[in-house]
2 protein chains.
Amino acid sequence: MDTDYAPEGTPADRRRQKVRDSILAAAERVFAREGESGLSIRRLADEIDYSPSAIYKYFGSKEELLEELKDAFFKRLLIQVDRVSAALTTFDERARTCVTTYVETAIERPHHYAAAFSSVAAEDDPAERVPVSWEDFIQSRKGRAFKILVDMVEEGQANGTFDASLSPVVAAKSVWAASHGLALLLIHIPKFAGMQPCGGNLSREAFVAFHADIIMRGLSAPGRLSAPLERMEQSND
Amino acid sequence: MDTDYAPEGTPADRRRQKVRDSILAAAERVFAREGESGLSIRRLADEIDYSPSAIYKYFGSKEELLEELKDAFFKRLLIQVDRVSAALTTFDERARTCVTTYVETAIERPHHYAAAFSSVAAEDDPAERVPVSWEDFIQSRKGRAFKILVDMVEEGQANGTFDASLSPVVAAKSVWAASHGLALLLIHIPKFAGMQPCGGNLSREAFVAFHADIIMRGLSAPGRLSAPLERMEQSND
DNA sequence: ATATCTTGTGAACACTGTTCACTTTGTGAA
DNA sequence: TTCACAAAGTGAACAGTGTTCACAAGATAT
């Protein structure tokens, strides 16, 4: 029975939520710094002064707990990209910022982003055999993030910036793949952007911007090559 | 004295090498199918009828053993890309094949490729503070693979296909990031290529080819947009 | 106050990578 | 051949890991 006169469930419920949150907070703290290898149930229990088995009263498994961390991170990533790109006026700026914000936010929490894409799907997994329906995908967190890209491509096609003959969804996948790759390379090789012969050097931000430009050029309509590439070529040190 | 690459060292040496190879072979077999989570020293020992501790007479650690697997895979990847792209005559074909072969070879052994890029570099790692010198990088396996891309970009610039104002190294990084991202997305989401609304569907190969085209377009010289994009748009089912 | 459901616990299970004292085996020299 | 020394191989143990479970303490509802 639910005699909930309180703003949020019964006192017991709120108490429970508090403990749950403290577990998540501790997990987030450790995971952000040391990743999955540093996050053990026993250490987590130590940190919040509970016994290891107590955690299983709040989370079914370590996997489940991690899933919640990653989901929260992706929610943040989604909001960030949405917010930043919505604030800009010109389409070119908005499109580029879509990519740069995605990458910058991703590498802000390298362990989160890498872990979100660490599992290798087995091709004989029965769950993998059933084709994911588009409707289901677009409902998920990653799906909604992807939708932003599709909309962006469609807008670019409508205003003549992008090649109208491209399938928006396919083009968006390409953009995602390119952004994803840069994020993960920067996470795996932090010096990736700066590494260069001849003493030439590019800051990380400059390289991300460059990459975004290259991506946009790849989608651009024939005979409509914007030339903003040069502006970041001279940022050496 | 060591008889260098002689067909046989001492009999003991060859015996040792045989056992070492059998360990590596068993490790490869298990790792290719189940990845790092399925590969335990004890299981490996079982598989080759040795005790777990025996393995440490041949490899310093599990990490070291894995490193050898990954290195062998990257060697294969390197050879594959080199061989396939060298066999083609026109530059356009060669450049595209560079990317497609990289991606296809990578996802052929998803666990190997993913594991090779799974570690998250800590920004406070002292080894990370020292900037990797270009000379050292180009000597490593990844470096040599990267060099192929740089050469490819330079060739494209020389023959007028690519924008000559781009730094070859920076452009190559962009190409690598884009290819890397596609490979990992396909590994993580096998249905990635086919997922689409409106019943439209692209085979994995077709999508990889499309992505390669987009990348090439991103680097292409102003006013020189090749239009090979359309040919793969109609491969639905 | 009693019965019930929730929280929390410590011990245990089945794993993991790794080390180490130990025995067995192979090899090169006297 | 015999002896000695190094290499190969072993089982037990250490310090971890995620997870389960019987059980005790606490809060809640009747």
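The structure displayed is predicted, hence computed values, not measured ones. First the proteins, then the strands, lettered A, B, ... as listed; each starts at 1.
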Could you list the protein-to-nucleotides 19-23 of chain D atom pairs, N/O on both sides, closer than 3.5 Å?
unit_1	atom_1	unit_2	atom_2	d
dT19(D)	OP2	Tyr56(A)	OH	2.6
dT19(D)	OP2	Lys62(A)	N	2.8
dT19(D)	O5'	Tyr56(A)	OH	3.2

Separation of dG28(C) P from Asp13(B) CG (nearest whole Å): 10 Å
Gap between atoms CG and P, on Asp49(B) and dA8(D) respectively (whole Å): 19 Å
d(CZ, Arg14(B); P, dA7(D)) in whole Å: 19 Å
Secondary structure string for DNA chain C (Watson-Crick or G-U under 3.5 angstrom, | for other-strand pairs): ||||||||||||||||||||||||||||||
Residues, nucleotides or ligands: over 12 heavy atoms within 6.0 Å of Lys142(A) NZ: yes
Rounded distance (Å) that lies between atom P of dC5(C) and atom CZ of Arg16(A): 16 Å
Distance, nearest 0.5 Å, that separates CD1 of Ile214(B) from CD1 of Ile214(A): 12.5 Å
Salt bridge (charged side-chain N to carboxylate O under 4.0 Å, His left out) partners for Arg33(B), two or more places apart: none
Atom-to-atom span, CG of Leu44(B) to P of dG17(C) - whole angstrom: 9 Å
Whole-Å distance separating the CD1 atom of Ile48(A) from the C1' atom of dT7(C): 13 Å
Positions of residues 17-39 of chain A (non-hydrogen atom under 4.0 Å from DNA chain C), listed by number: none
Sugar-phosphate only, base, or nothing, as touched by Ser40(A) at under 4.0 Å among non-hydrogen atoms: sugar-phosphate
Sequence-distant partners of Ser51(A), side chain to side chain donor-acceptor pair (under 3.5 Å), two or more places apart: Ser53(A)
Touch class at under 4.0 angstrom, heavy-atom based, for Tyr58(A) against every strand present: sugar-phosphate
Centroid-centroid distance, Phe192(B) to His180(A), less than 6.0 Å: no
Sequence-distant partners of Arg141(B), side chain to side chain donor-acceptor pair (under 3.5 Å), two or more places apart: Asp71(B)
Lys/Arg N to Asp/Glu carboxylate O, Arg43(A) vs Glu34(A), below 4.0 Å: yes
Sequence-distant partners of His111(A), ring pair (Phe, Tyr, Trp, His ring centres under 6.0 Å), two or more places apart: none
Short N/O separations, protein against nucleotides 23-27 of chain C, under 3.5 angstrom:
unit_1	atom_1	unit_2	atom_2	d
dG26(C)	O3'	Arg15(B)	NH2	3.1
dT27(C)	OP1	Arg15(B)	NH2	2.9

Pairing of Glu36(B) and Lys70(B) as salt bridge, 4.0 angstrom limit: no
Arg29(B): partners by salt bridge (charged side-chain N to carboxylate O under 4.0 Å, His left out), with sequence neighbours left out: Glu47(B)
Pairing residues for Ser118(B) by the side chain to side chain contact (heavy atoms under 4.5 Å, CB included) criterion, not counting sequence neighbours: none
Nearest-angstrom distance from the residue atom CZ of Phe59(A) to C1' of dG18(D): 16 Å
Flag for Gln17(B)-Asp13(B): side-chain donor and acceptor within less than 3.5 Å: no
All pairs passing side-chain hydrogen bond (donor to acceptor under 3.5 Å, both in side chains) where residues 55-69 of chain B contributes a residue, at least two apart: Arg20(B)-Glu68(B)
Nearest-angstrom distance from the residue atom CG of Leu65(A) to C1' of dT17(D): 15 Å
Those residues that, when tested against Arg16(B), pass salt bridge (charged side-chain N to carboxylate O under 4.0 Å, His left out) (two or more places apart): none
